[in-house]
Amino acid sequence: MRQESDFSHLSLLDLFSMEVKAQGTVLNDSLLALETKPNPIEELAALMRAAHSIKGAARIVQIDPAVTLAHTMEDCFVAAQSGTITLTAADVDVLLQAVDMLLQMAEACVSNPEPEFNDGSIQDLVSAIANIIKSPVSAGEQGSRGAEEQRSRGEVGGVGEKEELIPLASYTVPNPQSPIPNPQSPIPNPQSPVPSPQSPDILQQRVVRVSADNLNRLMGLAGESLVEAKWLETFADSLLKLKANQVQLSSLLDGLQKLWGNAEVEHQRHGNRQIEEQMSNARQTANECRQLLSDRHNELELFCQRFSHLGDRLYRQVIATHATPFAERGQSFPRMVRDLARELGKRVNLEIIGKSTLVDRDILERLEAPLLHILRNAIDHGIETPQERLAVGKPEEGTIRIEVFHRAGMLLITVSDDGRGIDIEVLRQEVINKNHINPEIATQLNETELMEFLFLPSFSTAKTVTEISGRGVGLDVVHSTVREVGGTVRAASQLGKGMTLYLQMPLTLSVLRTLLVEIAHEPYAFGLARIERLMMLPKSEIIVSENQPFFMLNDQPVGLISAHQVLELPSHNINKEFLSVVVISDGVTRITGSNRLNYYGLVVDRFLGECSLVVRPLDSRLGKVPNMSAGALMDDGSPVLIVDVEDLVRSITKIIASGQLSQVNQSTHQAVIKTYKRILVVDDSITVREMERKLLENNGYKVDVAVNGMDGWNAVRSGDYDLVVTDIDMPRMNGFELTTQIRANAKLKNLPVIIVSYKDREEDRIQGLEAGANYYLTKSSFHDSTLLKAVIDVIGEG
């Protein structure tokens with residue numbers, strides 16, 4: 001059931017504009033279909049209905065030129081329906097121009113309450129369409145008369161004269177009780193119901209108008225709901241600690257009661273009956289508190305799970321509001337391809353696969369111009385003329401295919417054509433001629449590396465410059481736009497068979513997958529798409545030349561700079577043998593043949609891990625914050641800034657050019673504080689628990705124990721452990737379930753787990769690893785160093 005939208009705040013001209021734009025899409029799509037379908041009965045009916053709707057709407061708002069033009073188009077479509085005339089490609093050209101004129105008139109109504117129109121141009125189109133109807137004259141007149149007679153009886157796919165006010169009649173105020181219909185819905189026709197070429201989903205999204213600011217605020221609230229849900233988990237954990245303290249208090253009271261009943265203090269009891277009664281009451285009260293706390297904690301945990309699930313659903317639903325079907329922005333592509341192909345004397349068929357694939361609105365809006373560039377290049381350079389195609393055994397009509405789909409959490413768009421493709425040797429020579437690389441290196445480049453040059457600014461293989469292409473700006477725009485949204489693009493070609501461009505981008509710009517790092521005790525986020533590499537760099541590999549530290553990566557020097565210096569934060573020197581380095585790129589094409597550094601190593605204090613962040617724009621009153629692009633909230637509610645890598649690279653370049661680069665390999669002597677790595681051993685066998693505890697403690701680890709899976713689950717949530725070593729067969733919760741619970745918890749999902757069990761079957765081993773265990777060992781490993789080696793491999797030495 002579709003939800004009706006409220007149009008009461010819109011003027012009649014606004015409604016007319018909406019009507020024309022909606023029906024204009026139907027006219028465009030159906031006119032293009034006329035050239036490919038031999039018997040376009042449904043398309044002609046849809047065309048007649050759309051023109052009729054526009055005519056009625058224009059009559060309501062008293063725009064006579066639009067009434068005249070739409071009425072003439074309607075007569076033309078009726079004549080084609082009756083078989084009186086057959087619309088040729090030239091006729092479709094005229095009718096498409098009429099559609100453009102109607103859309104221009106609709107746009108003028110939005111920007112000007114008293115729009116003015118070029119009556120001369122409109123009259124020329126009306127005359128041209130009338131000539132289509134009158135060729136041949138006798139047949140045309142007969143068809144028009146027949147159509148008029150049918151319309152008067154309501155037999156042609158439109159409506160009678162009395163129904164002509166239906167499209168916009170309900171937008172007027174005369175009858176406030178009448179429901180307001182969807183202005184994009186076609187006029188009902190009981191005689192010949194014809195489905196609209198557009199899917200109902202696309203039309204429904206068009207009638208819902210929400211400002212970007214409102215969506216951003218909604219996104220922020222959804223993110224905050226997730227944060228609040230995480231806070232509840234922390235609150236539940238604190239209750240768990242309180243429960244543990246309550247149990248300890250009960251144990252102390254039990255011990256005190258036993259001591260009080262000891263025979264050694266029997267002589268003291270007779271005068272202290274009141275103390276004994278108070279102690280008994282205290283013990284009873286402690287038991288009641290423990291039971292009450294246990295019940296409330298269980299209820300709170302259940303509520304936390306429900307609230308987290310609800311917050312996650314809300315978050316995902318808000319993300320979906322930022323998405324729209326690809327067809328909504330791609331609806332202009334078939335018209336552009338058809339018009340440009342006719343202009344160049346070529347025949348081209350455009351296929352779009354995945355029209356209903358949901359794409360982030362911001363990404364789709366940015367991609368529209370680059371995709372148009374790709375299509376123009378494909379038509380102008382790729383697709384051959386019909387004569388050339390026939391000469392090489394190809395069909396006269398070329399094909400361009402756009403495929404849109406989701407894969408592995410990414411949006412993939414491929415644009416391919418079956419044209420002439422690119423001659424790799426010609427491309428190699430062009431690269432040399434433009435002095436992008438010397439001939440010796442050029443001969444060593446493979447096809448993939450050579451195709452990268454197509455994305456350089458002002459690079460083109462076209463021999464002549466035309467109004468359509470040849471200036472080398474198309475693929476450069478594609479490359480820069482895709483990089484701006486955190487994606488990649490690559491090209492592939494087969495000589496004589498065509499060319500394909502592969503665009504890979506994130507599904508949304510509202511959620512960013514990031515790496516969290518710590519700089520000066522504060523977290524900062526880097527988009528994963530902008531990070532070339534992460535590494536722990538040994539200080540021994542740092543080289544200093546002309547006061548500039550760098551290291552070698554894949555035989556290429558990478559300059560090192562401290563994040564503290566770039567972000568102008570207080571620095572603190574710590575004697576580390578390894579530096580945490582984020583390698584970023586300046587965006588310059590890698591294949592340059594020069595020695596100029598294209599990569600920079602940013603030294604941070606430490607890596608905090610990966611995290612998906614809901615992007616929140618910074619307050620506009622702050623202006624452009626240097627080196628930062630946006631903000632976000634982490635799971636615990638803490639704010640974090642998202643780094644603008646492009647701006648950061650510019651700041652690094654300025655510092656290097658100024659010669660004021662600080663050293664990153666200076667050492668200061670600090671006292672080393674000995675810390676113990678904590679391990680939780682979970683096993684229901686006291687013998688196994690003690691054996692594992694002694695083995696690990698003798699090797700420098702601090703060890704706690706839990707007697708079953710549930711006890712271990714409570715302990716791991718209330719403590720701070722570096723590793724969990726667990727058995728499988730235990731009461732209340734087995735080791736597989738414990739491991740699964742740990743992996744599903746946002747705070748504990750990265751906690752290493754080693755399963756140690758008597759079961760050595762392959763299916764048990766597979767089940768343990770699938771649950772998320774880092775190692776699966778048998779208990780025979782106690783008799784050698786296997787367990788200890790696994791622990792050291794996972795968390796290092798004690």
Side-chain angles (χ1 to χ4, degrees), residues 20 23-59 63-106 108 116-152 155-158 161 164 334-347:
V20 173
Q23 302 298 346
T25 301
V26 177
L27 290 171
N28 266 319
D29 293 345
S30 300
L31 283 171
L32 294 176
L34 293 183
E35 297 181 322
T36 58
K37 289 192 175 182
N39 190 23
I41 299 175
E42 293 182 357
E43 284 73 16
L44 287 171
L47 286 166
M48 190 280 301
R49 180 178 297 173
H52 186 85
S53 296
I54 293 176
K55 180 182 71 173
R59 184 167 293 169
I63 301 179
D64 294 336
V67 173
T68 303
L69 182 57
H71 181 74
T72 308
M73 294 174 67
E74 181 186 8
D75 286 342
C76 181
F77 298 139
V78 169
Q81 269 187 306
S82 64
T84 305
I85 62 173
T86 300
L87 296 176
T88 65
D91 298 336
V92 171
D93 284 340
V94 175
L95 292 166
L96 286 172
Q97 292 176 29
V99 176
D100 292 341
M101 178 61 70
L102 288 172
L103 291 173
Q104 291 175 19
M105 297 166 74
E116 296 181 0
F117 308 110
N118 188 339
D119 293 337
S121 300
I122 297 173
Q123 189 57 47
D124 290 342
L125 284 172
V126 171
S127 300
I129 298 173
N131 289 333
I132 295 174
I133 300 173
K134 294 175 181 177
S135 54
V137 176
S138 58
E141 289 176 348
Q142 181 181 357
S144 293
R145 285 195 298 269
E148 287 296 336
E149 291 174 1
Q150 287 178 316
R151 277 207 301 274
S152 66
E155 295 175 358
V156 181
E161 201 62 34
E164 203 151 84
R335 170 73 185 278
M336 188 280 292
V337 169
R338 186 258 183 199
D339 290 349
L340 184 57
R342 281 183 56 79
E343 180 182 342
L344 297 174
K346 299 179 179 180
R347 294 182 59 190

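Source: prediction; values computed, not measured.
To the nearest 0.5 angstrom, L69 atom CG is 9.5 Å from Q123 atom CD. A distance of 12.5 Å separates CD of E43 from CD of E35, quoted to the nearest 0.5 Å. Atom CE of residue M336 and atom CG of residue N28 lie 13.0 Å apart, to the nearest 0.5 angstrom. M48 contributes atom CE, which lies 12.5 Å from atom CE of M73 (distance to the nearest 0.5 angstrom). How far NZ of K37 is from CG of N39: 10.0 Å, rounded to the nearest 0.5 Å.
Every residue two or more places apart in sequence or in another chain that forms a side-chain hydrogen bond (donor to acceptor under 3.5 Å, both in side chains) with D93 is listed here: R338, R342. For the side-chain hydrogen bond (donor to acceptor under 3.5 Å, both in side chains) test, residues two or more places apart in sequence or in another chain that qualify with S121 are N118. Applying the salt bridge (Lys or Arg N to Asp or Glu O under 4.0 Å) rule to D64 yields no partners; only residues at least two apart in sequence or on another chain are considered. With sequence neighbours excluded, the residues satisfying salt bridge (Lys or Arg N to Asp or Glu O under 4.0 Å) with R347 are E396. Residues satisfying the side chain to side chain contact (heavy atoms under 4.5 Å, CB included) criterion with V67, sequence neighbours excluded, are K55, A58, R59.
Remark: side-chain polar atoms of S30 are not paired, donor with acceptor, to backbone N or O of L27 under 3.5 angstrom.
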Would you mind writing out the side-chain donor-acceptor pairs for residues 94-106 within the sub-3.5 Å range, not counting sequence neighbours?
unit_1: D100; atom_1: OD1; unit_2: R335; atom_2: NH1; d: 3.0
unit_1: D100; atom_1: OD1; unit_2: R335; atom_2: NH2; d: 3.4
unit_1: D100; atom_1: OD2; unit_2: R335; atom_2: NH2; d: 2.5

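Of the residues listed (D75, I85, T72), the one engaging I132 in a side-chain contact (heavy atoms from CB on, under 4.5 Å) is I85, and it is the only one.
The closest side-chain heavy-atom distance from L44 to L34 is below 4.5 Å. Using a 4.5 Å cut-off on side-chain heavy atoms (C-beta onward), F77 and I129 make no contact. A 4.5 Å side-chain heavy-atom check between C76 and L47 finds every atom pair outside the cut-off.
There is a side-chain donor-acceptor pair under 3.5 Å between T88 and D91.
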